[in-house]
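Written out below as structure tokens is the structure these notes cover.
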Amino acid sequence: MGKLGGFLQIKRHGIVYRDPNERVRDYQEFVLERTNEELREQGARCMECGVPFCHNGCPLGNLIPDWNDLIYRDRWREAIVQLHATNNFPDFTGRLCPAPCEAACVLEIREGEAVTIKQIELAIIDRAFREGWVKPEPPRHETGQSVAVVGSGPAGMAAAQQLRRAGHAVTLFERDEAAGGLVRFGVPDFKIEKRVVQRRVEQLLAEGIELQCGVDVGVDITVAELRERFGAVVLATGSRVPRDLPVAGRELGGIHFAMDYLYGRNRYVARTEGPEPSAPQPQHEPITAAGKHVVVIGGGDTGADCVGNSLREGAASIVQLELLPEPPERRPDDRTPWPEWPLKFRLSYAMEEAKRAGVGEQDYSITTTSLSGDEHGNVAALHIAHAELAPPFAPVAGTDRELPAQLVLLAMGFLHPEQELLDQLGVEKDQRGNVKALAPYTTSVEGVFAAGDARRGQSLIVWAINEGRQCARMVDRYLAGRRNGQAKLAQVEDEGLAGHADADEGSEGPPRHASPGVQAQELR
């Protein structure tokens, strides 16, 4: 596996980025690809480690050592077969996944030495598209069964593709004007250009999936109509209810949820640079950061994307606030030992850009106490204080200060899926308001299934794709039972075959795949 002793002889070379001063002037992707020879060397570092803990770190169960070795041996076309065996959209994950597989790499026992799995994954799929190796895979037979998938984010797209390839007639419903969910509307083009999403949408269409954009299920089509038309329904609506900021002054103008701002910016780029949406864009009052003092509350990826967009709009200043304490520079072994995901400081791409431009600041352990406005009823200042280090993170007396703020973006995460459709369907919910699965991916209502953030809560894109794939297995079994005249599928004798049954309790734990490995198949 790889080059014998390669991890001792070859230095790790990570992902290459465009210069921050250059990339802030456009909306093009800022990740650059290394040469084939450089990638072969990085693949050669993948050692014969015996137990590949990278599998444990990857919710998809990607066959990482296999395709690392194939790249080292310059067998790219075989590598994409291995990659697609477990991941429908490596072009999404290779750009957007934080790479927990690298955190779990055996070489990461020496921090910073992991195999560059993510950059190799992205290089494989991008070359596969350039070479024309990625083609539609319509089913060889039709089952006569139909499925509605509600929500076209990564979970919905993966479920729809797997079900269609199994021979079912699939209709993918999307409330917005184009498919892709938050990958399309929440993540900026400079992280993933929307041509990347659109080419996957076109693949779904070529495989025979019917896509209906601009259709709000429960409003434009009733639940009764949905149940009458389709033998099964998959809920993949995501977790879209944002966490609010309950402080004095919240009602002032200029305070917005992060996704409202990001949706507007992505729609702006779609109008100016494409691709064209499938349905007309909705008309909204634009939210702009141009020339304003911007405060982003929330230190995660969504907050970083707000910073990156604000900078490209020409904000006067950008401050990003995080309630939690600043993480340590290196992995704290007493809290997140290898191979767990390390809780350590990572400077986001966006804050790097903002600091380089001289307009960015990032502060930790900060709580917002109130907001004050101007004579027009718009926000003018944010009143903050240092937060205590433990919940409930109360303000520390005597640390109050004020920040100028003409635009405040709330990026504090999401609570649960929107409840209206769930209530119309009558599905049981858990204590957090997510869809409750009585058996893996199987709701309390016969024929209704759930996958992705709508089921497990806000999570990573790799979890979304894996959930879509595994949910499709459960739907396929249910439809097979209906076709054979059997009773409804209420329980699964071997829950392990349905995917990561044990992981329903949280984000930990590897998926339990039924397949013993990739079967020999014809290279297309």
Side-chain angles (χ1 to χ4, degrees), residues 1-3 6-17 29 31-76 78-128 154 191-192 301 331 336 338-342 344 346 349 460-466 507 510-511 513 517-518:
M1 188 67 66
K3 180 181 179 181
F7 67 97
L8 296 172
Q9 304 163 17
I10 302 169
K11 186 177 179 180
R12 172 191 162 101
H13 292 290
I15 296 173
V16 189
Y17 299 95
E29 290 181 7
V31 171
L32 301 175
E33 187 174 316
R34 292 191 177 274
T35 66
N36 287 354
E37 185 55 39
E38 288 175 317
L39 291 165
R40 286 187 66 243
E41 283 198 335
Q42 293 306 301
R45 296 183 67 245
C46 188
M47 57 193 285
E48 183 77 45
C49 57
V51 178
F53 281 86
C54 54
H55 286 192
N56 183 78
C58 177
L60 280 162
N62 282 335
L63 306 170
I64 295 164
D66 301 61
W67 37 262
N68 279 338
D69 183 62
L70 288 168
I71 294 310
Y72 165 56
R73 302 181 189 284
D74 206 25
R75 293 158 60 180
W76 289 76
E78 292 170 78
I80 188 55
V81 174
Q82 297 282 342
L83 187 50
H84 270 151
T86 57
N87 187 352
N88 295 63
F89 313 119
D91 35 345
F92 296 178
T93 56
R95 288 169 166 85
L96 303 179
C97 180
C101 54
E102 293 189 21
C105 175
V106 171
L107 290 180
E108 185 61 14
I109 293 174
R110 291 183 57 184
E111 191 172 349
E113 291 296 320
V115 174
T116 56
I117 299 167
K118 181 176 175 178
Q119 87 172 335
I120 295 173
E121 174 186 26
L122 182 56
I124 293 170
I125 183 58
D126 280 354
R127 177 168 178 180
K191 286 174 69 175
I192 180 168
D301 288 341
R331 177 198 289 270
T336 53
W338 177 88
E340 292 184 13
W341 177 254
K344 66 178 183 179
R346 298 171 178 84
Y349 76 91
L460 303 178
I461 185 172
V462 278
W463 275 113
I465 295 172
N466 184 61
S507 59
H513 293 280
V518 179

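Counting from 1, the numbers follow the sequence of the chain as shown.
- The shortest heavy-atom contact between Ala44 and Tyr72 is CB-CD1, 3.4 Å.
- Put simply, the side chain of Tyr349 reaches to within 4.5 Å of the side chain of Lys191, judged on heavy atoms.
- In this structure, Gln42 and Val115 have side chains that are not in contact, with every pair of non-hydrogen atoms separated by 4.5 Å or more.
- Judged by distance alone, with hydrogens and angles left aside, the side-chain atoms of Arg95 form a donor-acceptor pair with the main-chain N or O of Asp91 at under 3.5 Å.
- Smallest separation of non-hydrogen atoms from Thr93 and Glu121: OG1-OE2, 2.8 Å.
- Here Leu63 contributes atom CG and His84 contributes atom NE2; the two are 13.0 Å apart, rounded to the nearest 0.5 Å.
- When every heavy atom of His55 is checked against every heavy atom of Pro65, the shortest pair comes out as NE2-CD, 3.3 Å.
- Put simply, CD1 on Ile64 and SG on Cys58 are 5.0 Å apart, with the number rounded to the nearest 0.5 Å.
- Note: Asp126 CG to Glu29 CD = 7.5 Å, rounded to the nearest 0.5 Å.
- Checked by atom type and distance alone, the side chain of Trp338 pairs as donor or acceptor with a backbone atom of Cys105 at under 3.5 Å.
- Under the side chain to side chain contact (heavy atoms under 4.5 Å, CB included) criterion, Val31 pairs with Ile15, Tyr17, Leu122, sequence neighbours left out.
- Side-chain atoms of Gln119 never come within 3.5 Å of backbone atoms of Gly94 as a donor-acceptor pair (strictly under, hydrogens ignored).
- The shortest heavy-atom contact between Leu39 and Ala123 is CD1-CB, 3.4 Å.
- Ion pairing between a basic and an acidic side chain is recognised when a charged N comes within 4.0 Å of a carboxylate O; Glu33 and Arg127 show no such pairing.
- Checked for salt-bridge contact, Lys344 and Glu111 meet the test: a charged N lies under 4.0 Å from a carboxylate O.
- Put simply, SG on Cys54 and CG on Asn68 are 7.5 Å apart, with the number rounded to the nearest 0.5 Å.
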Between Trp67 and Asn62, is a side-chain contact (heavy atoms from CB on, under 4.5 Å) present by the stated rule, with each step listed? CA-CA 9 Å; Trp67 37 262; Asn62 282 335; 4.2 Å; yes
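- Note: Ile124 CD1 to Leu83 CG = 5.5 Å, rounded to the nearest 0.5 Å.
- Of all the heavy atoms in Cys97 and Val462, the pair that sits closest is SG-CG1, 3.6 Å.
- Between the side chains of Asp74 and Trp76, at least one donor N or O sits under 3.5 Å from an acceptor N or O.
- In this view, Leu32 and Val16, Arg18 satisfy the side chain to side chain contact (heavy atoms under 4.5 Å, CB included) rule, not counting sequence neighbours.
- Residues Pro339 and Glu108 form no side-chain contact, since every pair of their non-hydrogen atoms from C-beta on lies 4.5 Å or further apart.
- In terms of heavy atoms, Pro59 sits closest to Asn466 at O-CG, 3.4 Å.
- Listed by chain and number, the residues in a side chain to side chain contact (heavy atoms under 4.5 Å, CB included) with Ala99 are Cys101, Glu102, Lys118 (sequence neighbours excluded).
- Glu113 contributes no side-chain N or O that, together with a main-chain N or O of Leu107, makes up a donor-acceptor pair within less than 3.5 Å.
- Thr116 has its side chain out of reach of Arg34: every pair of non-hydrogen atoms, C-beta onward, lies at least 4.5 Å apart.
- The environment of Arg110 atom CZ is sparse: at most 12 non-hydrogen atoms of other residues, nucleotides or ligands sit within 6.0 angstrom.
- Note that the CG atom of Asn87 and the CG atom of Leu60 stand 5.0 Å from one another [nearest 0.5 Å].
- Judged by distance alone, the side chain of Arg331 and the main-chain N or O of Trp341 form no donor-acceptor pair under 3.5 Å.
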